[in-house]
**Student:** 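Quick one: structure below, then a few questions.
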Amino acid sequence: MTTAPDTPTASLDQRPLGADTGIAVSPMGLGLWAVPGSQWGPAEDRDTLTAIETALDQGVNFFDTADVYGGGHSEVLLGQAMKGRRDKFTVASKIGWVDFNGEANRSQYDTVEKLVAGVESNLKRLDTDHLDAIQCHVFYEEPNTPVFIEGFAKLKQQGKVRAWGVSTSDLGLLQTFNAKGGASGGCDVLQIDYSILNRTAEAEILPFCQEHGIGVIVRGPIAMGLLADKFDASTTFPEDDFRKAWIDDADQNAQYKQDLETVANLRSAVPQDQTMAQFALRFAMSHPAVSAVIPGGRNVKQVTANTAAASFGLLSESEQAAIDAVVAPHAGRKIWPA
């Protein structure tokens, strides 16, 4: 193990979510995919609500959800947590996928009216009159893309959303969202998979966001648990956990084994006073394009450990070099789900 980081400590001091939104977020957020009824195995409502409360108590103000998480249940739980104190929460949600399986995930929003009605359903589940950010959850280019852009712009003009953008790792789609913004000012935010194991965004997408003032929300900073260094070749996953495919699917299993080897090679780079997950979170927060990272936190222990990562500061040059020696800048991997 290396010595402790040689940079000044950081904190949960807020960062702008895009250049022109007027929205400030804690660099450590909370992702709310892993709720009861999602694809992450067994869960309890009380654990999600306690995780939200813990995050809030520890300085987190940014919470990310989606209409498809638990079939809307994630939004409902966040709405319950916000009741009577909406001003303490900066909330981002997503719309676009019907579910996560095959052709069924093709967007049903083929008119602006349907898109606006869909976002109003997000608002109803969240029990709020506005979203701080709404994102298109469809990661591919399709004929419906102009519907999202026009619909989001209309919702912004109506005051129902403060900012809008897209969740994608495709530069062309991001450019389309940004170029066709018209009077709305273009794309405000991008959500993207970015971690030590998947650094492809560093090549073009993160610089593009910096150039155009687009706020970056990082999903997958712990690579769906891989960078928590808690899995090995004997790990099994419940039937209702999408990660079971890492074992059952030949292609995914090959990558899983490669990822386990990479994680093992990273251990010597992790400072003695940190977990690998905290080190991975610091990596994602250290990129200057990043506004917030949104690791999942299913309980008090996970949320507390995640928020503590900020106290260790941004990566030092020596820590970054140690990571680069294991996973080269811009290096990537296939992400499941995409």
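Computed from a predicted structure; not experimentally measured.
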**Student:** With the side chain counted from C-beta on, respond yes when Ser195 and Leu227 share a heavy-atom pair under 4.5 Å apart, and no when they do not.
**Tutor:** yes

**Student:** Any sub-3.5 Å donor-acceptor pair from Gln320's side-chain atoms to Glu317's backbone N or O?
**Tutor:** no

**Student:** Backbone N or O of Val218 within a donor-acceptor pair of the Gln191 side chain at under 3.5 Å?
**Tutor:** no

**Student:** With the side chain counted from C-beta on, respond yes when Pro295 and Met28 share a heavy-atom pair under 4.5 Å apart, and no when they do not.
**Tutor:** yes

**Student:** For His212, give me all partners under ring-ring contact (aromatic ring centres under 6.0 Å, His included), at least two apart in sequence or on another chain.
**Tutor:** Phe208

**Student:** Please evaluate residues Asn178 and Thr176 with respect to the criterion side-chain hydrogen bond (donor to acceptor under 3.5 Å, both in side chains), reporting the C-alpha separation (whole Å), side-chain torsions for both, the decisive distance (0.1 Å), and the verdict.
**Tutor:** CA-CA 5 Å; Asn178 195 54; Thr176 297; over 6 Å; no

**Student:** Mind jotting down which residue pairs meet the salt bridge (charged side-chain N to carboxylate O under 4.0 Å, His left out) criterion with at least one end in residues 67-82? Sequence neighbours excluded, please.
**Tutor:** Glu75-Arg125

**Student:** Please name the pair of heavy atoms, one in Asp232 and one in Leu260, separated by the smallest distance, quoted to 0.1 Å.
**Tutor:** C-CD1, 3.7 Å

**Student:** Backbone N or O of Pro146 within a donor-acceptor pair of the Glu150 side chain at under 3.5 Å?
**Tutor:** no

**Student:** Got a salt bridge between Asp248 and Arg243, using NZ or NE/NH1/NH2 to carboxylate O under 4.0 Å?
**Tutor:** no

**Student:** Does Gln252 offer a backbone N or O that forms a donor-acceptor pair with the side chain of Asp249 under 3.5 Å?
**Tutor:** yes

**Student:** Under 4.5 Å between any side-chain heavy atoms of Phe62 and Val91, yes or no?
**Tutor:** no

**Student:** Report the C-alpha separation of Asp110 and Lys114 in whole Å, then their side-chain angles, then the decisive distance to 0.1 Å, and conclude whether the side chain to side chain contact (heavy atoms under 4.5 Å, CB included) test is met.
**Tutor:** CA-CA 7 Å; Asp110 54 6; Lys114 288 181 181 179; 2.9 Å; yes

**Student:** Can you pull the ring pair (Phe, Tyr, Trp, His ring centres under 6.0 Å) pairs that have at least one residue in residues 251-273, sequence neighbours excluded?
**Tutor:** Trp246-Tyr256

**Student:** Mind checking whether Val35 and Val300 sit in one hydrophobic cluster, side chains of I, L, V, M, F, W, Y counted as touching below 4.5 Å?
**Tutor:** no

**Student:** Where do Thr235 and Ile247 come nearest, in terms of heavy atoms and distance?
**Tutor:** O-CD1, 3.8 Å

**Student:** Using side-chain heavy atoms (C-beta onward) and a distance below 4.5 Å, is Gln135 in contact with Phe152?
**Tutor:** no

**Student:** Please tell me if the side chains of Arg333 and Gln258 come closer than 4.5 Å, counting only heavy atoms from C-beta onward.
**Tutor:** no

**Student:** Test of understanding: with salt bridge (charged side-chain N to carboxylate O under 4.0 Å, His left out), list the residues that count as partners of Asp45, not counting sequence neighbours.
**Tutor:** none

**Student:** If you group Ile, Leu, Val, Met, Phe, Trp and Tyr by side-chain heavy-atom gaps below 4.5 Å, do Ile222 and Val326 land in one group?
**Tutor:** yes

**Student:** Got a donor-acceptor contact below 3.5 angstrom from the Ser286 side chain to the Leu315 backbone?
**Tutor:** yes

**Student:** Are the side chains of Leu206 and His287 in touch, meaning some heavy atoms are under 4.5 Å apart?
**Tutor:** yes

**Student:** I'd like to know if the side chain of Ser316 and the backbone of Glu319 have a donor-acceptor N/O pair within less than 3.5 Å.
**Tutor:** yes

**Student:** So Phe177 and Phe148, would you call those rings parallel, tilted or perpendicular, with 30° and 60° as cut-offs?
**Tutor:** tilted

**Student:** Can you sort out the partners of Glu239 under salt bridge (charged side-chain N to carboxylate O under 4.0 Å, His left out), two or more places apart, ordered by chain and number?
**Tutor:** Lys244

**Student:** Going only through I, L, V, M, F, W and Y residues with side-chain contacts under 4.5 Å, is there a path from Val112 to Trp164?
**Tutor:** yes

**Student:** About how many Å separate OG of Ser26 and CD of Gln58, when rounded to the nearest 0.5 Å?
**Tutor:** 11.5 Å

**Student:** Can you tell me which residue pairs pass the salt bridge (charged side-chain N to carboxylate O under 4.0 Å, His left out) test with a partner in residues 304-316, sequence neighbours excluded?
**Tutor:** none

**Student:** Search all heavy atoms of Cys187 against all heavy atoms of Leu174 and return the closest pair with its distance.
**Tutor:** SG-CD1, 4.0 Å

**Student:** Please list, chain by chain and in numerical order, all residues satisfying side-chain hydrogen bond (donor to acceptor under 3.5 Å, both in side chains) with Glu204, sequence neighbours excluded.
**Tutor:** none

**Student:** Starting at CG of Leu173, measure out to OG1 of Thr168 and round the result to the nearest 0.5 Å.
**Tutor:** 4.5 Å

**Student:** Among residues at least two apart in sequence or on other chains, which ones pass side chain to side chain contact (heavy atoms under 4.5 Å, CB included) with Gln80?
**Tutor:** Leu49, Val76, Leu77

**Student:** Can you see which heavy atom on Glu202 is nearest to which on Pro329, and at what distance?
**Tutor:** OE1-CA, 3.5 Å

**Student:** Can you see which heavy atom on Ala163 is nearest to which on Thr21, and at what distance?
**Tutor:** CB-CG2, 3.9 Å

**Student:** Answer yes or no: is there a side-chain heavy-atom contact under 4.5 Å between Ser169 and Arg219?
**Tutor:** yes

**Student:** Can you list every side chain to side chain donor-acceptor pair (under 3.5 Å) pair that touches residues 46-57, not counting sequence neighbours?
**Tutor:** Glu53-Arg85

**Student:** Does Asp188 pair with Arg162 as a salt bridge, N-O distance under 4.0 Å?
**Tutor:** no

**Student:** With a 6.0 Å cut-off (strictly less than), is the heavy-atom count around CD of Gln158, excluding the residue itself, greater than 12?
**Tutor:** yes

**Student:** If every non-hydrogen atom of Asn61 is compared with every non-hydrogen atom of Ala24, which pair is closest and at what distance?
**Tutor:** ND2-O, 3.2 Å

**Student:** Between Arg267 and Asp229, does any NZ, NE, NH1 or NH2 come within less than 4.0 Å of an OD or OE carboxylate oxygen?
**Tutor:** yes

**Student:** Okay, side chain of Thr65, backbone of Ser93: is any donor-acceptor separation there less than 3.5 Å?
**Tutor:** no

**Student:** Salt bridge check, Asp193 against Arg199: does any charged N sit closer than 4.0 Å to a carboxylate O?
**Tutor:** no

**Student:** Which is it for Arg86 and Asp129 under the salt bridge (charged side-chain N to carboxylate O under 4.0 Å, His left out) test, yes or no, and what are the steps along the way?
**Tutor:** CA-CA 10 Å; Arg86 175 66 176 85; Asp129 63 355; 5.7 Å; no

**Student:** Under the salt bridge (charged side-chain N to carboxylate O under 4.0 Å, His left out) rule, collect the residues that match up with Glu113, sequence neighbours excluded.
**Tutor:** none

**Student:** Evaluate side chain to side chain contact (heavy atoms under 4.5 Å, CB included) for Ile217 paired with Leu17, printing each intermediate quantity in order.
**Tutor:** CA-CA 8 Å; Ile217 304 164; Leu17 183 63; 3.9 Å; yes

**Student:** If you define the side chain from C-beta out and look only at heavy atoms, does anything of Ile95 sit under 4.5 Å from Val68?
**Tutor:** no

**Student:** Output all residues satisfying salt bridge (charged side-chain N to carboxylate O under 4.0 Å, His left out) with Asp20, sequence neighbours left out; order by chain, then residue number.
**Tutor:** none

**Student:** Can you tell me how far apart CD1 (Ile196) and CG (Asn198) are? Round to the nearest 0.5 Å.
**Tutor:** 11.5 Å

**Student:** Please assess Phe63 against Met82 for the test side chain to side chain contact (heavy atoms under 4.5 Å, CB included), listing each intermediate value before the final yes or no.
**Tutor:** CA-CA 11 Å; Phe63 299 83; Met82 289 193 297; over 6 Å; no

**Student:** Would Thr307 and Val60 count as a side chain to side chain contact (heavy atoms under 4.5 Å, CB included) here? Give the steps.
**Tutor:** CA-CA 8 Å; Thr307 55; Val60 172; 3.5 Å; yes

**Student:** Just to verify, what does Phe283 make a ring-ring contact (aromatic ring centres under 6.0 Å, His included) with, not counting sequence neighbours?
**Tutor:** Tyr194

